[in-house]
*Asks:* 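Before I ask anything, let me first share the structure, which is written out below as structure tokens.
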Amino acid sequence: MKIFFKYVEDAVVVYESLCAKRSALSYGSQCLKLVNNQLLVIDETYNREAILQDMVIPVLTHVILKKKEKKMMVNILKEQFFYSEEEEQDLLLQIMGGLWKEREAKFRKKHFFFQENYLSARLFKTSSFIM
């Protein structure tokens with residue numbers, strides 16, 4: 001299985017997250033390879049379904065939702081509150097992050113759980129990924 005990333009940063013984040021998950025699940029160290037910092041290769045000689053369900057889908061779901069969450073917050077700051085300066089946005093994102101952690105448990109139950117399950121199901125049906 002191969003996943004091509006448009007941005008090197010995304011590839012590195014996903015690769016590092018997968019390596020951590022792989023270690024926790026005791027999969028062999030040879031099952032993951034990052035080529036040219038943009039192509040993630042997952043060896044399918046291991047149990048493909050198990051690797052997808054236990055490792056790949058949870059990591060991709062988490063990374064995609066976190067990335068989407070930040071973009072959404074920046075967009076709200078720009079469009080609704082007119083914070084166009086990146087420094088202001090970063091400071092407000094830090095403040096929002098602290099508030100978010102306080103309320104995350106309540107919000108996850110109502111909204112995020114649905115997004116996570118929906119995205120996981122869609123990723124499981126996909127045979128190729130481009131991020």
*Asks:* Are there more than 12 heavy atoms of other residues, nucleotides or ligands under 6.0 Å from atom CG of Asn75?
*Replies:*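 Yes, enclosed.
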*Asks:* Which atom names give the shortest non-hydrogen contact between Ser17 and Val59, and what distance separates them?
*Replies:*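 Smallest heavy-atom distance, with atoms named: CB-CG1, 3.6 Å.
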*Asks:* Only counting residues at least two apart or in another chain, list the ones meeting side-chain contact (heavy atoms from CB on, under 4.5 Å) with Glu88.
*Replies:*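 For Glu88, the residues satisfying side-chain contact (heavy atoms from CB on, under 4.5 Å) (neighbours in sequence not counted) are Tyr83, Glu85.
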*Asks:* Quick one: does Gln38's side chain have a donor or acceptor within less than 3.5 Å of a partner on Lys6's backbone?
*Replies:*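 Yes.
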*Asks:* NZ/Lys78 to CD/Glu86 distance, rounded to the nearest 0.5 angstrom?
*Replies:*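 Rounded to the nearest 0.5 Å, the NZ-CD separation comes to 8.0 Å.
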*Asks:* To check you understand the geometry: which heavy-atom pair defines the closest contact between Leu93 and Lys70, and what is its length?
*Replies:*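 Scanning both residues completely, I find the closest heavy atoms to be CD1-CE, 3.8 Å.
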*Asks:* Indicate yes or no: at least one non-hydrogen side-chain atom of Ile42 is less than 4.5 angstrom from one of Lys33.
*Replies:*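 SC-SC contact between Ile42 and Lys33 ruled out.
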*Asks:* Pair Phe81, Ile76 - check side chain to side chain contact (heavy atoms under 4.5 Å, CB included), show working.
*Replies:* CA-CA 7 Å; Phe81 298 103; Ile76 289 170; 3.8 Å; yes
*Asks:* In this structure, which one of Leu40, Leu34, Asp10 forms a side chain to side chain contact (heavy atoms under 4.5 Å, CB included) with Ile3?
*Replies:*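 Single side chain to side chain contact (heavy atoms under 4.5 Å, CB included) partner of Ile3 among Leu40, Leu34, Asp10: Leu40.
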*Asks:* Evaluate side chain to side chain contact (heavy atoms under 4.5 Å, CB included) for Met1 paired with Val41, printing each intermediate quantity in order.
*Replies:* CA-CA 6 Å; Met1 174 189 327; Val41 180; over 6 Å; no
*Asks:* NE2/His62 to NZ/Lys67 distance, rounded to the nearest 0.5 angstrom?
*Replies:*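 Answer for the NE2-NZ pair, His62 versus Lys67, is 13.5 Å.
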*Asks:* Check whether Phe82 and Leu77 end up in the same hydrophobic cluster, where Ile, Leu, Val, Met, Phe, Trp and Tyr are linked by side-chain heavy atoms less than 4.5 Å apart.
*Replies:*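 Not linked; separate clusters.
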*Asks:* Name every donor-acceptor pair, under 3.5 Å, that has one atom in a side chain of residues 18-25 and the other anywhere in the protein, sequence neighbours excluded.
*Replies:*
unit_1, atom_1, unit_2, atom_2, d
Ser23, OG, Cys19, O, 3.1

